[in-house]
Amino acid sequence: QVQLVESGGGLVQPGGSLRLSCAASGSIFSINAMGWYRQAPGKERELVAAITSGGSTNYADSVKGRFIISRDNAKNTVYLQMNSLKPEDTAVYFCNAAIKVSTLWGPTNDYWGQGTQVTVSS
């Protein structure tokens, strides 16, 4: 019913930048919070950044000052601008969104994208 599709991952050198995008589509009434998580090999998935419907943001300490999360409500899209990338940023990045389905009376569910690989290496 609702799908999240990420794009923008790839291979980048340390110090470089990438911009991730996540577009939600389907029967959407409204989108509450949206966020980006990442999971490195052998580690648990962790929250990288989140943004509320009102535009308030939160970041993991490890990315503060380097990453910027933003959203375009008209496009149902959230972005993650990743600057000054480090090898330790290497992970699969997942988009997450809390979405009210169909109508005002519909449920609010969490949806996940399939993930996009970010590799930071010389």
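Keep in mind that what you see is a predicted model, and the values were worked out from it rather than measured.
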Interatomic spacing from CD1 in I68 to CG in N83 - rounded to 0.5 Å: 6.0 Å
Measuring from atom OG1 of T103 to atom CZ of F29, what distance do you get when rounded to the nearest 0.5 angstrom? 7.0 Å
Measuring from atom NZ of K100 to atom OG1 of T108, what distance do you get when rounded to the nearest 0.5 angstrom? 3.5 Å
Any side-chain heavy atom of V2 within less than 4.5 Å of one from I28? yes
side-chain hydrogen bond (donor to acceptor under 3.5 Å, both in side chains) involving Q114 - partner list, sequence neighbours excluded: none
Kindly say whether R66 contributes a backbone atom to a donor-acceptor pair with the side chain of Y59 at under 3.5 angstrom? no
When you measure from the side chain of S102 to the backbone N and O of G106, does any donor-acceptor pair fall under 3.5 Å? no
As an exercise, state the distance from OG of S25 to NZ of K75, rounded to the nearest 0.5 Å. 14.5 Å
L80 reachable from L4 in the ILVMFWY side-chain graph, under 4.5 Å edges: yes
Should we count CD of Q117 as having more than 12 external heavy atoms under 6.0 Å? yes
Any R38 side-chain heavy atom under 4.5 Å of V118 side chain: no
Measuring only between side-chain heavy atoms, which start at C-beta, is S121 closer than 4.5 Å to L11? yes
In the structure I gave you, are the side-chain heavy atoms of Y111 and V101 within less than 4.5 Å of one another anywhere? yes
Rounded distance [0.5 Å steps], CD in E46 versus CD in Q39: 9.5 Å
To the nearest 0.5 Å, what is the distance between CG (N73) and OG (S53)? 7.5 Å
Can you check whether C95 reaches W36 side chain to side chain, under 4.5 Å on heavy atoms? yes
Identify the heavy atoms of G35 and I69 that sit nearest to each other, and give their distance. CA-CD1, 4.2 Å
Checking one residue: Y79. Which other hydrophobic residues are in its cluster under the side-chain 4.5 Å linking rule? none
Examine L47 and F94 and state if one hydrophobic cluster contains both, with Ile, Leu, Val, Met, Phe, Trp and Tyr joined whenever side-chain heavy atoms are less than 4.5 Å apart. yes
Would V63 and L20 show up in the same hydrophobic cluster when neighbours are defined by side-chain heavy atoms closer than 4.5 Å? yes
Specify the closest pair of heavy atoms between L85 and L18, including all atoms of both residues, with the distance to one decimal. CD1-N, 3.9 Å
Tell me, do V92 and Y37 make a side-chain contact under 4.5 Å, heavy atoms counted? no
Verdict with supporting geometry, I31 and R71, side chain to side chain contact (heavy atoms under 4.5 Å, CB included): CA-CA 11 Å; I31 301 177; R71 63 191 287 174; 3.6 Å; yes
Any carboxylate oxygen within less than 4.0 angstrom of a Lys/Arg side-chain nitrogen, looking at K86 and D89? no
Is a side-chain N or O of T90 found less than 3.5 angstrom from the main chain of V120, in a donor-acceptor match? yes
Other residues, nucleotides and ligands only: do more than 12 of their heavy atoms fall within 6.0 Å of CD on E44? no
